[in-house]
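Report on one structure; see the data block that follows.
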Amino acid sequence: MADVNANISNSITLPYSLEAEQAILGAVLINPDCMEQIVGKVRQEYFYLPQHRAIYGSMISMYTGSKAKIDPVVIADVLAKEGHYDVSGGREYLLTLRDSVPSTANVETYANIIEEQFHLRSLIVTSQSVIEQATNSGADASALLDWAEQTIYDIRKGLDVDGPRKISDVIINGVYDRLYKLTGDDKEQYKAIPTGFGMLDKYITGLNKSDLILIGARPAMGKTSFALNLAQNITMISKKKCVFFSLEMTKEQLAERLLAARAGVPSQKLRTGELSDDEWIRLGNAAGEYEKVELYLDDTSSITVPKIKSCVRRLKNVDAVIIDYLGLLQSPTRKDNRVQEIAEITRNLKMLAKDLNIPVICCAQLSRGTEGRGKSHKPQLSDLRDSGSIEQDADIVMFLYREDYYRGEFDEDKQEEIDANLTELIVAKNRHGATGTIEMTFDKEFTRFRSLEKKYE
């Protein structure tokens, strides 16, 4: 292990391959059609020398502009105007590049070398930046760790970029391949994770990979309870691995709720300790059922999306992530206002789901607009708090709505009988199918939801 107190020299020579940079530019000058092989793979910043970046930039402009064929004379004129060479010097260097390449057959190999050297330089520059920031007296270790990990992960993603593919190839190797897997012997591992609520699965086809799913509601409507119910169903029924991040409740409080719901014991009794012998037995049996369940609880306060991503990657093979709740997530970078922060957070959550290829479920608090809205207090997408980016980035948006919540405090004139436990789960946005309302009942005593048996079209 390296000595963390050792001084790092500032005279580090960044790696690059002069021969590969010259060879790839020379190959394009010999045969401009080589651009078709490398333009989607090699970016201008991959070149280390500024003159080479300028030459390649001119080549890209000519290739995409379709005004003229890539030609040393035209490129030399552009380089002279930009101050890289005079006209004669630029033309002479370009002719040298062209004459130094024996064959264009290895142009893709040259491209791979240039890309590899670029990523090595990126790692060195990032490492130096980390050292510089870490040695500042006012450095925030937690924020710096988040930034460093995210930056290195972004470099890793750059190595895995997959360019455009022909639709027939996507159908055969993507769509059909997935369909064959869904009908094969091990089809269960490729299917969406069932939510445990039958009618909800009919609407959203389960919890699909790379989806950002939002559960919105006003306070005390049962967001956390519903999220915990999902976590329990994911891990106990579907036998999947799930991480539950709670920014509001402790791990012990979450465990109490899960245990109470599973055992059928009023949750408040776990806080008072006033349990009968039968309840102790039921709790013991429920605790035993959780022994082999892969449900992980994290109550880190002020957590960021990069930190969540880091935690999930370390656990390995996680099938779903649940976050409670959006309003308490912190942005890794400072923004001018909370709206901008939420926009960045929701975008990062969507990228988290996409990068790790797992469903990410996040609770969100709705604005008070529902309470001052005429006769109907049912939530709408416009009630999502702080930013329109929440609605934009989420693949599925669901609302929990209980009419009893508004009786008395907001609608004192209402006299009709209302089922206090009747809850509507409103699928307000669904990129994969229909929207609609599912009726459920909320057992407040045991903090658990159940679907009502009802026929839906």
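Because the structure is a prediction, the values reported are computed rather than measured. Below, all heavy atoms of this structure are taken into account, side chains as well, without hydrogens, waters or symmetry copies.
The structure places CH2 of W280 at 7.0 Å from CG of L283, a figure rounded to the nearest 0.5 Å. One finds the CD1 atom of I322 at 7.0 Å from the CD1 atom of I215 (value rounded to the nearest 0.5 Å). Rounding to the nearest 0.5 angstrom, the gap separating the OG1 atom in T126 from the CD1 atom in I131 is 11.0 Å. From L254, atom CG reaches atom CG of L295 across 9.0 Å, with rounding to the nearest 0.5 Å. To the nearest 0.5 Å, atom OG1 of residue T423 and atom OH of residue Y401 are 11.0 Å apart. Here NZ of K309 is found 10.0 Å from CG of L349. Values are rounded to the nearest 0.5 Å.
For K241 (side chain) and Y296 (main-chain N/O), no donor-acceptor pair under 3.5 Å exists by modelled atom type. With S246 contributing its side chain and M249 its backbone, the two residues share a donor-acceptor pair below 3.5 Å. Within the 3.5 Å criterion, the main-chain N or O of V42 finds a donor-acceptor partner in the side chain of Y56. In this structure a side-chain-to-backbone donor-acceptor pair under 3.5 Å is missing from S238 to T235.
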Q | Audit row: R448, D443, salt bridge (charged side-chain N to carboxylate O under 4.0 Å, His left out) steps and yes/no | A | CA-CA 5 Å; R448 63 190 180 194; D443 296 331; 3.7 Å; yes
Q.
Between K350 and D395, does the salt bridge (charged side-chain N to carboxylate O under 4.0 Å, His left out) criterion hold? Intermediate values first, please.
A. CA-CA 9 Å; K350 176 56 187 174; D395 296 283; 2.7 Å; yes
Q.
Could you go through R402 and E424, starting from their C-alpha distance and side-chain angles, then the distance that decides it, and tell me whether this counts as salt bridge (charged side-chain N to carboxylate O under 4.0 Å, His left out)?
A. CA-CA 6 Å; R402 196 165 58 252; E424 293 183 14; over 6 Å; no
Q: Any chance you could lay out the side-chain hydrogen bond (donor to acceptor under 3.5 Å, both in side chains) test for T224 and D324, step after step, and finish with the verdict?
A: CA-CA 7 Å; T224 302; D324 184 29; 2.6 Å; yes
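Checked for salt-bridge contact, D298 and K251 miss the test: no charged N lies under 4.0 Å from a carboxylate O. A salt bridge links R262 to E289: at least one charged side-chain nitrogen sits closer than 4.0 Å to a carboxylate oxygen.
At a threshold of 4.5 Å between non-hydrogen side-chain atoms, the residues I396 and R431 do not count as touching. The closest side-chain heavy-atom distance from L352 to I358 is not below 4.5 Å. By the 4.5 Å heavy-atom criterion applied to side chains, E116 and Y46 are not counted as neighbours. Contact of the I38 side chain with the V28 side chain is registered, since non-hydrogen atoms from C-beta on lie closer than 4.5 Å. At a threshold of 4.5 Å between non-hydrogen side-chain atoms, the residues V312 and F245 count as touching. Inter-residue side-chain proximity for N233 and T195 is flagged as unmet; no heavy-atom pair is nearer than 4.5 Å. Annotation: side chain of I438 is in contact with side chain of M440 (closest heavy-atom distance under 4.5 Å). Contact check for T346 versus L326: side-chain heavy atoms found under the 4.5 Å cut-off.
Considering every non-hydrogen atom in both S225 and F449, the closest pair reads CB-CE1, 4.0 Å. Nearest heavy-atom pair across A287 and L259 is N-CD1, 3.6 Å. Across all non-hydrogen atoms, the minimal contact from Q117 to Y16 is OE1-N, 3.4 Å. Taking each heavy atom of P359 and I193 in turn, the nearest pair found is CG-CD1, 4.3 Å. Between E21 and I114, the shortest heavy-atom contact is CA-CD1, 3.8 Å. In this structure, E45 and R121 approach most closely via the heavy-atom pair O-NH2, 4.0 Å.
For R53, the side chain to side chain contact (heavy atoms under 4.5 Å, CB included) test picks out Q44, F47, P50, with sequence neighbours left out. Legend: residues meeting side chain to side chain contact (heavy atoms under 4.5 Å, CB included) with N285, ordered by chain and number and at least two apart, are I281.
Around atom CZ of R450, no more than 12 heavy atoms belonging to other residues, nucleotides or ligands sit under 6.0 Å away.
Aromatic ring centroids of F197 and F226 lie under 6.0 Å apart.
Counted by atom type alone, T250 and D299 present zero donor-acceptor pairs between their side chains at under 3.5 Å.
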